[in-house]
Structures are given as structure tokens and as C-alpha cells.
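A, B, ... follow the sequence lines: proteins, then strands. Residue 1 opens every chain. Treat the numbers as computed from the prediction; the structure is a model and nothing was measured. Values below: all heavy atoms of this structure, side chains included; hydrogens, waters and symmetry mates excluded.
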Amino acid sequence: MRAAVDAYRTMVEKDLVPESAATDNGVNFLSFTNGKIGQQSIGAFSIGSLVNDHPEINFGVTLIPGIEGGASSFAGGDNIVVTAGTPKLSAVQEFIEFAYSPEGQKILAQNGSIPTRLDIADQTLEGLDPRLQVAVDAIDVAKTPYTLLFNDLINSANSPWATFTNAAIFGDDVDGAFATAQDDMQAIIDNAAP
Amino acid sequence: MTIAAVAPVAGATRRRSKAHQWKGLLYIAPAMVLVLVFFVLPVLFTVWMSFHNWPLMGQPKWIGLRNYSRMLSDTRFLSAIGFTAFYTVIVTVAIFALAFPLALFVERERRGVGVYRSIFFLPVVVGLATASLLWTWLANVDSGLFSPALRALGLTEHSINLLATFEGAFTTIVVMVVWKIVGFTMILLLTGLQAIPSDLTEAARIDGAGRWQRFRHLTLPLMRRTLALALILSITGSVLAFDQFYIMTSGGPQNSMISVVYYIFNQSFVSFHLGYGAALSIVLLIALVALSVAQLWLLRVEDER
């Protein structure tokens with residue numbers, strides 16, 4: 001991780017990153033679409049958005065390259081949640097089964113979602129944009145961080161993770177950024193409601 | 001009641017005064033209902049919530065004072081207090097430093113004084129969120145005004161992202177807030193200035209008091225009430241600051257601009273610790289009341305001592 005941070009810092013030092021990146025809070029999540037950006041690390045869901053909504057954009061997709069070769073990715077994030085005590089459990093079950101059926105997977109993929117069932121991915125992607133295949137390859141190498149505090153730790157705009165990435169890449173104190181993120185994350189976990 | 005007690009007249013008078021009192025109560029009833037429904041009851045409910053572990057979904061659980069004891073060791077809350085205090089001091093000083101000269105300037109009857117008053121007051125009628133959005137654009141490194149202008153003038157080598165450092169972002173926000181608020185404080189101070197009888201000023205002038213002496217020993221003491229009002233409004237507004245940080249920097253860079261209200265918002269509506277957010281709100285309410293009482297006491301008028 002240290003090496004990855006250093007790689008990003010080098011990119012900033014060499015002026016390869018726009019000045020606006022330091023305050024990018026994700027409002028223009030898919031800044032690719034205005035055609036003014038060369039490269040963006042972003043979730044695979046955007047392949048579908050680009051294919052379906054921006055057919056005019058010519059783009060390629062690859063996994064995030066590692067420092068010493070190889071590739072990395074992470075998977076997960078969107079969950080189907082069923083509230084306790086719902087009277088419609090059988091309908092929910094039926095919907096989930098449909099969503100994971102070959103037919104359901106196909107419909108999702110056609111509308112820009114990436115396939116979640118690897119065993120039938122070939123069948124799902126048949127006849128669709130070949131770039132979606134990269135998302136399937138990503139699942140092979142992807143890691144899935146798992147926590148019930150995902151929003152507090154990672155996703156929210158003021159999370160230790162969001163703060164860390166900014167501090168580590170644009171700040172002056174990389175070691176401090178690591179230490180602070182570690183402490184803040186631990187504090188949130190410790191304070192979590194039992 | 002007082003009237004009935006001091007007037008030892010029985011019968012008609014007492015009945016009439018009682019009816020009179022009921023009528024009075026009737027008149028203020030709508031206001032009382034509004035205050036009750038939209039302030040008293042929500043505050044009581046917030047107090048009730050603050051004693052619970054209250055998630056957004058699921059069952060609230062009574063945990064007594066644990067939300068309150070947690071605050072004492074909550075470093076993020078403590079740093080939010082520190083930042084809010086810092087911001088309040090800087091903004092209040094900046095607003096008064098600018099509003100007082102402006103008020104003195106527009107107080108005197110001169111040509112076009114109405115135009116000046118309108119210009120200084122104009123930003124006040126813009127919403128704070130709107131103003132924040134406007135300034136976010138002005139401060140945008142690529143498509144805004146400040147950075148490209150500085151670059152075009154040759155003052156900086158390449159565009160500088162004002163909002164990327166604490167100093168740049170904080171300065172931008174303070175300038176925006178002063179621009180937005182100073183007209184309001186100016187109007188408040190202006191009413192105070194105009195309430196000073198001109199014969200007093202004239203008498204002081206005849207007695208040979210200089211401009212500064214008149215300001216220091218006549219204007220300032222006579223403006224105590226106005227100053228107290230302006231100060232309380234300014235400090236309360238600054239302590240409750242949220243919009244500008246949320247909109248302009250999302251609390252950044254690196255969470256350096258999380259105000260107390262921002263932290264309450266995050267705890268309540270991002271992390272869904274509604275009970276803890278409620279406890280924090282109650283503490284903030286108490287702190288604000290204490291701050292206001294302290295200011296009123298400091299600026300109390302002589303004859304009330």
C-alpha cells in the first residue's frame with residue numbers, strides 16, 4: 001500500500017494530476033463523460049453507463065495495475081437488504097432468485113450492471129459489449145472488505161478513508177496520514193453501537 | 001392576578017380583569033402553540049432521544065447518560081468544538097471590523113447614501129447555500145474566477161486550487177461569510193447610531209471632544225444594546241455554521257473544517273447515531289444559551305446594574 005501511495009504522490013509531483021483533483025469530492029463522479037480526462041480509476045458499474053448512455057465515447061477498460069505487475073480490484077458495495085418482519089418474504093425471495101437466474105443476469109447486464117454470477121458470466125455477456133468482460137475478470141482478483149460500518153469507515157465524505165487518501169496523496173505527512181487513519185478507524189469501530 | 005390583588009374592589013372589576021386576562025391569553029395562544037409544537041416539544045423529544053441508543057431503523061435502547069459521557073473522549077467532537085470556536089472568533093472580529101466603518105460611513109447624510117446602503121446590504125438577501133454555491137464556483141480552480149484571474153495577471157505560475165489547503169479554503173469561506181453577513185450587521189449598527197440624539201454629539205463637540213473621543217466615550221457606550229444584539233446574532237450564527245463548510249469543502253481539506261453542527265449532522269444522518277446526535281444537540285443548545293447570557297451580562301447597560 002505504501003508503494004501505491006508513493007506512485008500516486010509521484011504522479012502529483014510530476015504534475016500529471018489536475019489541480020482540481022485535490023478537492024474532488026465525487027460530485028462529478030463520472031468526469032470521463034465530458035471527454036476531457038485521460039484516465040480514471042472508477043467502479044466497473046461505469047462501464048455500463050458509458051456503453052449505454054455515451055455511445056459516442058471511445059474508451060478502453062483495464063484492471064488497476066499493480067506496482068510490481070499484476071492487478072488489483074475490489075468487489076462489492078451494493079447489497080439487497082430485506083427488513084425484518086416483512087410480510088412479503090416470498091415475493092422478495094422470488095425476486096432474488098430471478099435476479100440471479102440466467103435470464104435476470106442478462107437483463108441486468110443489458111442495462112449496464114455487471115454480472116455477479118461468475119459461473120454463467122460467459123452466457124450472460126454473450127453478444128454484449130466485450131469491455132464488460134473486464135469487470136468479470138476483476139472479480140477473480142478482487143478483494144471484498146467486509147464491515148457493517150462501511151459507510152462510516154470508507155464511503156462517507158468525512159470517513160477516515162476519504163481523509164486518508166487526500167492526506168496521503170496530497171498532504172505533507174504520509175506516515176501521519178497512515179497513523180491517523182488507523183486511529184480514527186479504530187475509534188469508530190470501538191464506538192459502534194454494540 | 002396582580003391587578004386583582006392590589007385593587008381591593010370586589011365584584012365587577014375583578015370579573016372584568018379576569019375576563020381581560022383570558023382575552024390576553026387568547027391573543028398569544030397561536031404564538032404559544034407554534035412555539036410549543038415547533039420548539040418546546042421537539043427539544044423535549046430530543047432530550048428523550050439523547051438518553052437512548054437510537055438507530056434510524058430498529059428499536060431505541062435506553063442507555064442513560066452514556067451518550068453524554070462518550071462526548072468527553074470523542075476526539076472528533078472536541079476538534080469540531082475547537083474549529084467552531086476558532087471560526088467564530090475570526091468571523092465575528094472580521095464582521096465587526098468591517099461593519100462598524102461601513103455603518104459610520106452610511107450613517108451620515110451624503111449624496112447617494114441610499115445606493116451605498118443597498119449595495120452593502122445586497123448580499124444579505126442571497127441565501128447562504130446559494131452564496132456558498134456561487135463562491136464554490138468563483139473559487140473553482142479551472143472554471144472559476146480567482147485562480148484563473150491570478151494566473152492571467154501573471155501573479156501565480158499555474159492555477160492554484162484555493163480550496164485544497166486549509167489556509168486557502170478557510171480564507172475563502174471567511175471572506176464569503178463576511179461579504180454575505182456584513183451588510184446585516186451594518187444595518188443593525190446603523191439603527192444604533194441613528195438612535196443617538198444629535199444634541200448629545202453636538203454638546204460633546206462644543207465641549208471640545210475629538211472624533212475618537214466622541215466615538216469612544218459617547219457612541220460606543222450608547223450603542224451597548226445594539227452591540228449586544230449584533231454580537232449575539234453574529235456569534236450564534238457562527239457557532240451554528242454548517243452550510244458553507246458542507247457545500248464549499250465537504251468539511252475538507254482532510255476534515256479540517258468540520259464544525260459542531262456538521263459533526264452533529266454526520267453523527268445523526270450519515271452514521272445514523274440519532275441518540276448521540278440528539279445529545280450533542282442538547283449540549284450545543286446549552287452552550288449557546290450560556291454564551292448569549294454571558295454576552296448580555298457583559299454588555300448590560302449601566303442603569304441595570
Side-chain angles (χ1 to χ4, degrees), chain A residues 12 15-28 31 34 36-37 81-86 147-174 176-178 180-181 183-194, chain B residues 52-55 57-61 63 66-67 70-71 73-77 79-80 136 139-144 147-148 151 156 158-166 168-169 245-258 262-263 265-267 269-276:
Chain A
V12 173
D15 220 4
L16 300 173
V17 178
E19 284 287 333
S20 59
T23 48
D24 191 342
N25 58 6
V27 171
N28 300 314
S31 33
N34 59 20
K36 283 186 181 168
I37 189 170
V81 177
V82 184
T83 47
T86 172
T147 167
L148 290 174
L149 301 167
F150 198 81
N151 196 42
D152 277 355
L153 292 175
I154 311 283
N155 251 19
S156 91
N158 305 114
S159 71
W161 173 252
T163 313
F164 163 77
T165 50
N166 193 285
I169 294 172
F170 297 102
D172 301 321
D173 181 9
V174 182
F178 272 94
T180 310
D183 291 347
D184 288 353
M185 285 193 173
Q186 196 58 51
I188 289 175
I189 294 167
D190 292 344
N191 270 318
Chain B
H52 290 78
N53 178 7
W54 197 297
M57 288 184 281
Q59 291 302 311
K61 203 175 81 192
I63 54 166
R66 289 235 303 275
N67 277 331
R70 179 183 156 188
M71 274 173 222
S73 57
D74 186 345
T75 50
R76 288 185 298 164
F77 176 54
S79 64
T136 309
N140 186 291
V141 59
D142 296 320
S143 57
S147 295
R151 190 183 178 180
T156 54
H158 54 92
S159 298
I160 287 173
N161 194 341
L162 278 175
L163 300 178
T165 60
F166 176 80
F245 307 119
Y246 183 70
I247 294 172
M248 291 182 70
T249 64
S250 315
Q254 293 153 33
N255 285 357
S256 53
M257 287 201 250
I258 306 270
Y262 201 145
Y263 188 61
F265 168 82
N266 270 352
Q267 282 298 322
F269 304 116
V270 176
S271 307
F272 301 126
H273 301 144
L274 297 184
Y276 189 46

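With sequence neighbours left out, the side chain to side chain donor-acceptor pair (under 3.5 Å) criterion links B:Y276 to B:D74.
Interface remark: of the candidates A:T83, A:I188, A:D152, A:D183, A:D152 forms the most heavy-atom pairs closer than 4.5 Å to chain B. Per-residue heavy-atom pair counts under 4.5 Å with chain A were compared for B:G275, B:S159, B:S147, and the maximum is reached by B:S159.
Between the side chain of A:S159 and the backbone N or O of A:I154, at least one donor-acceptor pair lies under 3.5 Å. With hydrogens and angles ignored, the 3.5 Å screen pairs no side-chain donor or acceptor of B:N161 with any backbone N or O of B:V141.
For residues 164-174 of chain A, every residue pair satisfying the side chain to side chain donor-acceptor pair (under 3.5 Å) rule, not counting sequence neighbours, is listed here: A:N166-B:Q254.
If you measure heavy-atom distances from B:I258 to chain A, the contacts under 4.5 Å come from the side chain alone. Looking at A:N158, both its backbone and its side chain come within 4.5 Å of chain B, counting heavy atoms on both sides.
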